[in-house]
Number of protein chains: 2
Amino acid sequence: MEIVEVVAVKLAFKMNQLENKLNTKNIKPTSMRLLVLKQLVESKSAVSLSELENTFEKVDKVTLYRTLKTFEQKKLIHSIDDGSRAVKYALCEENCECEPEDQHVHFHCENCEETFCLTNTGIPALNIPSSFKAKSVNMVYKGICANCAD
Amino acid sequence: MEIVEVVAVKLAFKMNQLENKLNTKNIKPTSMRLLVLKQLVESKSAVSLSELENTFEKVDKVTLYRTLKTFEQKKLIHSIDDGSRAVKYALCEENCECEPEDQHVHFHCENCEETFCLTNTGIPALNIPSSFKAKSVNMVYKGICANCAD
DNA sequence: CGATTAATTGCAATTGTGTTGCATTGCTTT
DNA sequence: AAAGCAATGCAACACAATTGCAATTAATCG
């Protein structure tokens with residue numbers, strides 16, 4: 001088997017994984033959506049709509065916007081309000097239902113402006129007054145990230 | 001002493017308190033700022049710039065914007081990113097330095113859109129990876145508030 | 001007090017994100 | 001192939017945040 005074929009097979013396999021991810025969440029896997037998902041999988045930090053727009057210069061902003069909305073609604077990704085003007089998005093963990101107990105802490109770097117999922121740091125359950133009925137929670141630290149420190 | 005005089009004295013006293021608050025934080029107490037501060041003191045929930053704009057129809061939005069920025073910088077008020085499009089502002093507690101240990105949890109109602117300070121619920125210290133240097137933290141619950149429940 | 005300087009406020013205009021409506025494309029089903 | 005529906009692209013809009021500059025007000029000094 002030629003090298004190129006191997007690569008092609010690996011790519012196909014990868015694409016298949018992405019397709020499965022979409023199917024699992026009941027999202028019809030169009031090529032557009034596969035592309036966006038691929039970008040999200042590969043990115044080390046959360047991305048905003050405009051960042052995504054820059055990645056694929058050819059693609060319309062509104063399409064990306066609606067793609068993200070669909071992904072979020074189907075609980076494939078979650079949105080993060082990091083205090084910057086733009087909402088960021090990142091992949092959910094396996095089996096995430098976006099309930100408070102599924103959610104984790106985020107960190108927003110004031111220097112490079114990137115936002116990271118601290119997936120290992122869950123958000124602790126707090127005793128807020130019982131008259132408030134919480135459905136979700138957003139917890140974001142701001143400061144200097146590992147890459148920008150020193 | 002006439003009733004009106006008593007009221008006048010009380011008002012003067014109140015204004016004096018507000019003026020003190022500004023002086024303590026090294027903010028020159030202009031009449032504009034006193035007015036905005038008064039509004040902030042009286043409001044039961046956090047306010048956005050546009051809400052403030054509606055309260056004083058005569059006042060320019062930019063003035064209010066800069067007033068809030070000044071207040072925030074001098075740590076008289078803190079800003080809250082509640083996931084709505086607009087940033088909200090609320091008075092700081094006495095002696096607040098806006099460090100993570102001074103900060104408290106907020107609650108944003110998805111029904112009435114109001115945002116409340118849960119001043120009694122501090123934000124717990126978490127163990128985030130030590131490579132991240134946190135300077136501040138924003139924690140907001142979303143759901144249905146006490147007034148909107150039922 | 002009047003004149004000079006600095007700080008504050010108001011107005012006009014711009015940027016950027018998020019959003020909707022509608023036309024067009026492309027896929028599915030029969 | 002035709003009809004129907006979902007997805008995409010284009011244009012336009014809504015609104016928060018922000019900047020630059022002019023006008024006003026407050027503070028300082030002679």
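The analysis underlying the following values was restricted to heavy atoms, covering all of them including side chains, and did not include hydrogens, waters or symmetry mates. So you know, we letter chains A, B, ... as the sequences are listed, proteins then strands, and number each from 1.
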_Could you tell me if the side chain of B:Pro100 sits less than 4.5 Å from the side chain of B:Ile123, heavy atoms only?_
no
_Sub-4.5 Å side-chain heavy-atom contact between A:Tyr89 and A:Ile80_ = no
*Which pair of heavy atoms, one from A:Thr121 and one from B:Pro129, lies closest together, and at what distance?*
OG1-CD, 4.4 Å
*Distance, rounded to the nearest Å, where B:Leu68 contributes CG and C:dT9 contributes C1'*: 14 Å
_Note, A:Leu52 side chain near A:Leu68 side chain (heavy atom, < 4.5 Å)_ = yes
*Mapping A:Tyr89 and B:Thr67 onto DNA chain C by nearest heavy atom, which one lands closer to the 5' end?*
B:Thr67
*Indicate yes or no: at least one non-hydrogen side-chain atom of A:Ser136 is less than 4.5 angstrom from one of A:Cys98.*
no
*Run the ring-centre check on A:His108 versus A:His106 and record whether the distance is less than 6.0 Å.*
no
_What is the distance, to the nearest angstrom, from the NZ atom on A:Lys74 to the C1' atom on D:dA6?_
12 Å
*Are B:Phe107 and A:Phe132 near enough that their ring centres are under 6.0 Å apart?*
yes
*In whole angstrom, give the distance that lies between atom CZ of B:Arg85 and atom P of D:dT18.*
14 Å
*Got A:Phe71 and A:Leu91 here, is their nearest side-chain heavy-atom distance under 4.5 Å?*
no
Heteroatom pairs (N/O) under 3.5 angstrom, protein to nucleotides 10-13 of chain C:
{"unit_1": "C:dG10", "atom_1": "OP2", "unit_2": "B:Thr63", "atom_2": "OG1", "d": "2.6"}
{"unit_1": "C:dG10", "atom_1": "O6", "unit_2": "B:Arg66", "atom_2": "NH2", "d": "2.5"}

*Take atom CZ of A:Phe56 and atom C1' of D:dG9, then tell me their distance rounded to the nearest Å.*
16 Å
*Shared ILVMFWY cluster between B:Leu37 and B:Tyr65, side chains joined below 4.5 angstrom?*
yes
*asked:* Without decimals, in angstroms, what is the distance between A:Leu49 CG and C:dT15 C1'?
replied: 16 Å
*Could you tell me whether A:Ser50 contacts a base, only the sugar-phosphate backbone, or nothing, with contacts defined as non-hydrogen atoms closer than 4.0 Å?*
sugar-phosphate
*Can you tell me the distance, in whole Å, between the CD atom of A:Glu57 and the P atom of D:dG9?*
15 Å
*Would you mind reading off the distance between A:Asn26 atom CG and D:dA6 atom P, rounded to a whole angstrom?*
15 Å
*For B:Ala86 and for B:Thr30, locate the closest nucleotide of DNA chain D by heavy-atom distance; then report the residue assigned to the nucleotide nearer the 5' terminus.*
B:Ala86
*Rounding to a whole Å, what distance do you find between A:Tyr65:OH and C:dT17:C1'?*
10 Å
Between the protein and nucleotides 5-7 of chain C, are there any N/O to N/O pairs under 3.5 Å, and if so, what are the atom names and distances?
{"unit_1": "C:dA7", "atom_1": "O3'", "unit_2": "B:Lys28", "atom_2": "NZ", "d": "3.2"}

*asked:* It should be established whether A:Lys69 places a side-chain nitrogen or oxygen under 4.0 Å from OP1 or OP2 of nucleotide C:dG18.
replied: no
